[in-house]
Amino acid sequence: MRTRTLALSAAFGAALLTTAALPATARDGHVTAPPARADEGPVRAAQLLAKVTSCSQVSRGRFRARPGAPATVPVCGLNGAVFWKADLDIDCDGQITAACNRKTDPWFQPDTRFHQSNDKPLDAEKVPYVVVPGAGPLWDHDSAGITGGSVVAVVYDDKVEYAVVGDTGPSATIGEASYAAAKALGMNPDPRTGGAESGVTYILFQHSRATPIESHGAAATLGQTLAQEFLADN
(Lines give C-alpha, C1' and ligand atoms only; values in the text may rest on other atoms or scores of the structure.)
Protein backbone atom coordinates (compact mmCIF):
# COMPACT_ATOMS: atom_id res chain seq x y z
CA MET A 1 0.00 0.00 0.00
CA ARG A 2 1.17 3.54 -0.69
CA THR A 3 2.40 5.71 2.14
CA ARG A 4 0.59 8.81 3.31
CA THR A 5 3.09 11.56 4.07
CA LEU A 6 3.04 15.06 5.49
CA ALA A 7 5.60 17.85 5.26
CA LEU A 8 5.62 21.41 6.59
CA SER A 9 6.30 24.44 4.44
CA ALA A 10 7.09 27.84 5.88
CA ALA A 11 5.78 29.48 2.75
CA PHE A 12 2.17 28.59 3.40
CA GLY A 13 0.00 29.24 6.40
CA ALA A 14 -2.85 26.83 5.71
CA ALA A 15 -2.91 23.07 5.25
CA LEU A 16 -3.02 21.90 1.64
CA LEU A 17 -3.81 18.32 0.70
CA THR A 18 -2.86 17.22 -2.78
CA THR A 19 -3.49 13.90 -4.43
CA ALA A 20 -4.42 13.06 -7.99
CA ALA A 21 -7.27 10.71 -7.22
CA LEU A 22 -8.56 11.76 -3.80
CA PRO A 23 -7.98 15.46 -3.15
CA ALA A 24 -9.92 15.44 0.12
CA THR A 25 -7.87 12.71 1.78
CA ALA A 26 -4.35 12.29 3.09
CA ARG A 27 -3.57 9.20 1.02
CA ASP A 28 -0.38 9.93 -0.87
CA GLY A 29 -0.96 13.52 0.20
CA HIS A 30 1.44 16.35 0.90
CA VAL A 31 0.24 18.75 3.56
CA THR A 32 1.65 22.15 4.33
CA ALA A 33 0.67 23.75 7.60
CA PRO A 34 2.01 25.77 10.51
CA PRO A 35 2.66 23.94 13.77
CA ALA A 36 -0.58 23.02 15.52
CA ARG A 37 -1.52 21.75 18.95
CA ALA A 38 -2.56 18.11 18.76
CA ASP A 39 -5.73 18.62 20.77
CA GLU A 40 -7.10 21.01 18.13
CA GLY A 41 -9.28 19.63 15.38
CA PRO A 42 -12.78 18.38 14.66
CA VAL A 43 -12.41 14.80 15.98
CA ARG A 44 -13.12 14.36 19.67
CA ALA A 45 -11.91 11.64 22.01
CA ALA A 46 -15.39 10.17 22.44
CA GLN A 47 -15.76 9.72 18.68
CA LEU A 48 -12.53 7.76 18.45
CA LEU A 49 -13.32 5.66 21.52
CA ALA A 50 -16.71 4.74 20.06
CA LYS A 51 -14.89 2.96 17.22
CA VAL A 52 -12.69 0.80 19.47
CA THR A 53 -15.21 -0.78 21.81
CA SER A 54 -14.55 -4.29 20.47
CA CYS A 55 -11.37 -6.03 19.35
CA SER A 56 -10.63 -8.04 16.24
CA GLN A 57 -7.27 -9.36 17.38
CA VAL A 58 -4.44 -9.18 14.85
CA SER A 59 -1.57 -10.04 17.16
CA ARG A 60 -0.71 -13.72 17.60
CA GLY A 61 -0.88 -13.35 21.34
CA ARG A 62 -1.26 -10.77 24.09
CA PHE A 63 1.24 -8.35 25.55
CA ARG A 64 2.22 -7.46 29.11
CA ALA A 65 1.97 -3.91 30.43
CA ARG A 66 5.32 -4.48 32.14
CA PRO A 67 7.66 -7.44 32.72
CA GLY A 68 6.06 -9.94 35.07
CA ALA A 69 2.52 -8.62 34.60
CA PRO A 70 -0.20 -10.85 33.11
CA ALA A 71 -0.35 -10.90 29.32
CA THR A 72 -3.73 -9.23 28.76
CA VAL A 73 -3.31 -6.65 25.97
CA PRO A 74 -4.05 -7.63 22.35
CA VAL A 75 -3.29 -5.60 19.24
CA CYS A 76 -6.61 -5.11 17.45
CA GLY A 77 -7.36 -4.29 13.83
CA LEU A 78 -9.78 -1.95 12.05
CA ASN A 79 -9.91 -0.44 8.57
CA GLY A 80 -6.72 1.57 8.16
CA ALA A 81 -5.54 1.26 11.74
CA VAL A 82 -4.48 -0.96 14.60
CA PHE A 83 -5.09 -0.15 18.25
CA TRP A 84 -4.51 -1.29 21.79
CA LYS A 85 -5.64 -0.23 25.25
CA ALA A 86 -3.00 -0.21 27.94
CA ASP A 87 -1.14 1.84 30.51
CA LEU A 88 1.37 4.58 29.70
CA ASP A 89 4.91 4.31 30.95
CA ILE A 90 7.21 7.28 30.35
CA ASP A 91 9.96 6.92 27.75
CA CYS A 92 12.65 9.59 28.15
CA ASP A 93 15.10 8.00 25.71
CA GLY A 94 16.81 10.04 23.03
CA GLN A 95 18.61 13.35 23.22
CA ILE A 96 19.94 14.40 26.62
CA THR A 97 17.86 17.28 27.97
CA ALA A 98 17.09 18.87 31.33
CA ALA A 99 14.10 16.55 31.80
CA CYS A 100 15.53 13.41 30.19
CA ASN A 101 18.95 12.21 31.29
CA ARG A 102 20.55 9.55 33.48
CA LYS A 103 19.86 11.54 36.64
CA THR A 104 16.15 12.00 36.01
CA ASP A 105 15.57 8.57 34.46
CA PRO A 106 17.42 5.48 35.77
CA TRP A 107 16.48 3.60 32.57
CA PHE A 108 17.61 6.38 30.22
CA GLN A 109 19.17 5.45 26.87
CA PRO A 110 20.69 8.21 24.68
CA ASP A 111 19.13 6.88 21.48
CA THR A 112 15.79 6.06 19.86
CA ARG A 113 15.06 3.42 17.25
CA PHE A 114 14.00 6.09 14.75
CA HIS A 115 15.93 9.31 14.21
CA GLN A 116 14.93 12.82 13.26
CA SER A 117 15.72 14.39 9.90
CA ASN A 118 19.31 15.36 10.89
CA ASP A 119 19.92 11.76 12.05
CA LYS A 120 19.99 12.69 15.73
CA PRO A 121 17.85 10.69 18.18
CA LEU A 122 14.43 12.10 18.96
CA ASP A 123 13.97 14.52 21.83
CA ALA A 124 11.49 12.90 24.24
CA GLU A 125 11.01 16.18 26.09
CA LYS A 126 9.77 17.93 22.93
CA VAL A 127 8.46 15.24 20.57
CA PRO A 128 5.27 13.34 21.40
CA TYR A 129 6.13 9.80 20.34
CA VAL A 130 4.89 6.29 21.05
CA VAL A 131 6.96 3.16 21.65
CA VAL A 132 5.85 0.04 19.78
CA PRO A 133 6.91 -3.51 20.70
CA GLY A 134 9.92 -4.74 18.80
CA ALA A 135 9.22 -7.37 16.16
CA GLY A 136 8.69 -10.76 17.77
CA PRO A 137 6.47 -13.83 17.85
CA LEU A 138 3.43 -11.84 19.03
CA TRP A 139 3.36 -9.11 16.39
CA ASP A 140 5.52 -7.40 13.76
CA HIS A 141 4.79 -3.70 13.42
CA ASP A 142 6.51 -3.44 10.03
CA SER A 143 4.29 -6.16 8.55
CA ALA A 144 1.27 -4.28 9.88
CA GLY A 145 2.25 -1.09 8.03
CA ILE A 146 3.57 0.67 11.14
CA THR A 147 7.05 2.19 11.14
CA GLY A 148 9.02 5.23 12.28
CA GLY A 149 6.95 8.38 11.80
CA SER A 150 3.63 6.54 11.61
CA VAL A 151 0.95 8.75 13.13
CA VAL A 152 -0.78 7.74 16.38
CA ALA A 153 -3.83 9.15 18.12
CA VAL A 154 -3.30 8.69 21.85
CA VAL A 155 -6.56 9.08 23.77
CA TYR A 156 -6.73 9.61 27.54
CA ASP A 157 -9.12 11.39 29.90
CA ASP A 158 -11.15 12.97 27.06
CA LYS A 159 -7.99 14.27 25.38
CA VAL A 160 -6.47 13.35 22.01
CA GLU A 161 -2.74 13.78 21.43
CA TYR A 162 -1.35 13.09 17.97
CA ALA A 163 2.08 11.54 18.13
CA VAL A 164 4.47 9.53 15.96
CA VAL A 165 5.99 6.10 16.33
CA GLY A 166 9.46 7.02 17.56
CA ASP A 167 10.97 4.06 19.38
CA THR A 168 10.70 0.31 19.88
CA GLY A 169 10.74 -1.64 23.11
CA PRO A 170 10.74 -5.25 24.28
CA SER A 171 8.80 -7.59 22.03
CA ALA A 172 6.45 -8.79 24.79
CA THR A 173 5.46 -5.50 26.50
CA ILE A 174 3.28 -2.62 25.35
CA GLY A 175 2.07 0.78 26.58
CA GLU A 176 4.77 3.46 26.51
CA ALA A 177 5.07 7.01 25.20
CA SER A 178 7.45 9.94 25.47
CA TYR A 179 7.73 12.56 28.17
CA ALA A 180 6.19 15.12 25.78
CA ALA A 181 3.20 12.90 24.95
CA ALA A 182 2.42 12.28 28.62
CA LYS A 183 2.73 15.97 29.49
CA ALA A 184 0.39 16.96 26.64
CA LEU A 185 -2.21 14.50 27.94
CA GLY A 186 -2.10 16.08 31.39
CA MET A 187 -0.15 13.26 33.05
CA ASN A 188 2.79 13.52 35.37
CA PRO A 189 5.68 13.04 32.87
CA ASP A 190 8.29 12.04 35.45
CA PRO A 191 9.98 8.83 34.21
CA ARG A 192 10.10 7.39 37.74
CA THR A 193 6.64 8.24 39.04
CA GLY A 194 4.54 9.47 36.11
CA GLY A 195 2.36 8.04 33.38
CA ALA A 196 -0.96 6.24 33.78
CA GLU A 197 -1.76 2.81 35.17
CA SER A 198 -4.57 2.22 32.66
CA GLY A 199 -7.14 3.92 30.46
CA VAL A 200 -4.92 4.87 27.53
CA THR A 201 -5.96 4.02 23.96
CA TYR A 202 -3.40 4.02 21.15
CA ILE A 203 -4.76 4.19 17.58
CA LEU A 204 -2.00 3.77 14.99
CA PHE A 205 -2.81 4.76 11.42
CA GLN A 206 -1.34 2.24 8.99
CA HIS A 207 0.85 3.32 6.06
CA SER A 208 1.08 6.88 7.36
CA ARG A 209 4.12 9.04 7.97
CA ALA A 210 4.66 12.52 9.41
CA THR A 211 7.59 14.31 7.82
CA PRO A 212 9.82 15.39 9.39
CA ILE A 213 9.33 12.91 12.20
CA GLU A 214 10.35 15.47 14.83
CA SER A 215 7.64 17.98 13.82
CA HIS A 216 4.68 17.82 16.16
CA GLY A 217 2.82 20.18 13.85
CA ALA A 218 3.21 17.70 11.00
CA ALA A 219 1.90 14.82 13.12
CA ALA A 220 -1.02 16.86 14.45
CA THR A 221 -2.13 18.17 11.07
CA LEU A 222 -1.93 14.80 9.36
CA GLY A 223 -3.39 13.05 12.40
CA GLN A 224 -6.52 15.20 12.34
CA THR A 225 -7.10 14.28 8.69
CA LEU A 226 -6.44 10.59 9.26
CA ALA A 227 -8.74 10.56 12.28
CA GLN A 228 -11.60 11.87 10.15
CA GLU A 229 -10.90 9.17 7.55
CA PHE A 230 -10.80 6.60 10.35
CA LEU A 231 -14.26 7.63 11.54
CA ALA A 232 -15.63 7.49 8.00
CA ASP A 233 -14.12 4.06 7.26
CA ASN A 234 -15.15 2.25 10.45
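Numbering of residues begins at 1 and proceeds along the displayed sequence. Both backbone and side-chain heavy atoms feed into the values below; hydrogens, waters and symmetry mates do not.
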Peer 1: List the atom of I174, the atom of A86, and the distance in Å for their closest heavy-atom pair.
Peer 2: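 What the structure gives for the nearest pair is CG2-CB, 4.3 Å.
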Peer 1: Same cluster for L231 and V52 if Ile/Leu/Val/Met/Phe/Trp/Tyr side chains link at under 4.5 Å?
Peer 2: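 Yes, it is one cluster - the side chains of L231 and V52 are joined through contacts under 4.5 Å.
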Peer 1: Output every pair passing ring pair (Phe, Tyr, Trp, His ring centres under 6.0 Å) with a member in residues 51-99, not counting sequence neighbours, ordered by first then second residue.
Peer 2: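 The answer is W84-W139, W84-Y202.
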Peer 1: Under a 4.5 Å cut-off applied to non-hydrogen side-chain atoms, are Y179 and D105 in contact?
Peer 2: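 Y179 vs D105: side chains apart.
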Peer 1: Are the charged groups of E197 and R66 less than 4.0 angstrom apart, N to O?
Peer 2: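 Answer for the salt bridge query: yes.
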Peer 1: Does any N or O in the side chain of D233 come within less than 3.5 Å of the main-chain N or O of N79, such that one atom is a donor and the other an acceptor?
Peer 2: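 Not confirmed, D233 side chain does not pair with N79 backbone.
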Peer 1: Under 4.5 Å between side-chain heavy atoms, hopping through other hydrophobics if needed: is there a path connecting V132 to L88?
Peer 2: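 Same hydrophobic cluster.
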Peer 1: Can any side-chain N or O of T168 pair as donor or acceptor with the backbone N or O of R113 at less than 3.5 Å?
Peer 2: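 No.
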Peer 1: Examine V151 and L48 and state if one hydrophobic cluster contains both, with Ile, Leu, Val, Met, Phe, Trp and Tyr joined whenever side-chain heavy atoms are less than 4.5 Å apart.
Peer 2: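 Looking at the clustering, L48 is in the same group as V151.
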Peer 1: I'd like to know if the side chain of Q116 pairs up with that of N118 as donor and acceptor (distance under 3.5 Å, no hydrogens or angles considered).
Peer 2: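 Checked: Q116/N118 side chains pair up, N/O donor to acceptor below 3.5 Å.
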Peer 1: Please walk me through it: do Y129 and D91 pass side chain to side chain contact (heavy atoms under 4.5 Å, CB included)?
Peer 2: CA-CA 9 Å; Y129 70 74; D91 189 332; 3.2 Å; yes
Peer 1: Identify the two heavy atoms, one from D140 and one from A135, that lie closest to each other, and give their separation to 0.1 Å.
Peer 2: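 Nearest heavy atoms, D140 then A135: OD1-CB, 3.7 Å.
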Peer 1: Working to the nearest 0.5 angstrom, can you tell me the gap between T201 OG1 and K51 NZ?
Peer 2: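 The NZ atom of K51 is 15.0 Å from OG1 of T201, to the nearest 0.5 Å.
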Peer 1: Give me the atom names and distance for the closest heavy-atom approach of Q206 to L78.
Peer 2: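 Looks like OE1-O, 4.1 Å.
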Peer 1: List the steps and the verdict of side chain to side chain contact (heavy atoms under 4.5 Å, CB included) for T97 and K126.
Peer 2: CA-CA 10 Å; T97 68; K126 294 181 179 179; over 6 Å; no
Peer 1: Measuring from atom CG of L226 to atom OG1 of T221, what distance do you get when rounded to the nearest 0.5 angstrom?
Peer 2: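 Rounded to the nearest 0.5 Å, the CG-OG1 separation comes to 11.0 Å.
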Peer 1: Side chains of S117 and E214: closer than 4.5 Å at any heavy-atom pair?
Peer 2: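 Touching, per the 4.5 Å side-chain cut-off.
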Peer 1: Answer whether the closest heavy-atom distance between the side chains of D167 and D93 falls below 4.5 Å.
Peer 2: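 A side-chain contact exists here, since the closest heavy-atom pair is under 4.5 Å.
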Peer 1: Could you give the distance from OG1 (T147) to CZ (F114), rounded to the nearest 0.5 Å?
Peer 2: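 If I round to the nearest 0.5 Å, the distance is 4.5 Å.
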Peer 1: Taking all non-hydrogen atoms of both residues into account, name the closest pair between A163 and V130 and its distance.
Peer 2: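 Heavy-atom minimum between the residues: CB-CG2, 4.2 Å.
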Peer 1: Taking K159 first and then D157, would you say they form a salt bridge - that is, a charged N and a carboxylate O separated by under 4.0 Å?
Peer 2: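 Looking at D157 together with K159, the answer is yes, because their closest N to O distance falls below 4.0 Å.
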Peer 1: Counting distance only, does the side-chain N/O of R64 pair as donor-acceptor with the main-chain N or O of A69 below 3.5 Å?
Peer 2: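 Side chain of R64 to backbone of A69: a pair is present.
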Peer 1: Applying the 4.5 Å side-chain criterion to the ILVMFWY set and letting contacts propagate, would I203 and V152 be lumped into a single cluster?
Peer 2: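 I203 does not cluster with V152.
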Peer 1: With rounding to the nearest 0.5 angstrom, report the SG to CD distance, C92 to E176.
Peer 2: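 Interatomic distance, C92 SG to E176 CD, rounded to 0.5 Å: 10.0 Å.
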Peer 1: Judged by atom type as modelled, is there a donor-acceptor pair below 3.5 Å linking the side chain of T104 to the main-chain atoms of A99?
Peer 2: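 Indeed, once roles are kept as given, a pair shorter than 3.5 Å links the two residues.
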Peer 1: Do the side chains of Y162 and V200 join up, straight or via other hydrophobic residues, at under 4.5 Å, putting them in one cluster?
Peer 2: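 No, it is not one cluster - the side chains of Y162 and V200 are not joined through contacts under 4.5 Å.
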Peer 1: Can you name the closest pair of heavy atoms from Q57 and P74 and give their distance?
Peer 2: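 Reported closest heavy-atom pair: OE1-CB, 3.4 Å.
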Peer 1: Minimum heavy-atom separation for Q95 and P121, please, with both atom names.
Peer 2: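 Answer, listing the atom of Q95 first, then P121: NE2-O, 2.8 Å.
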Peer 1: Is there a side-chain contact between T173 and P67 (heavy atoms, below 4.5 Å)?
Peer 2: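 Side chain of T173 against side chain of P67, heavy atoms only: contact under 4.5 Å found.
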Peer 1: Could you state the interatomic distance from NZ (K183) to CD1 (I90), rounded to the nearest 0.5 Å?
Peer 2: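 Here the interatomic distance stands at 12.0 Å.
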Peer 1: Quick one: OG1 on T193 to CG on N188, what's the gap to the nearest 0.5 Å?
Peer 2: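 Those atoms lie 4.0 Å apart.
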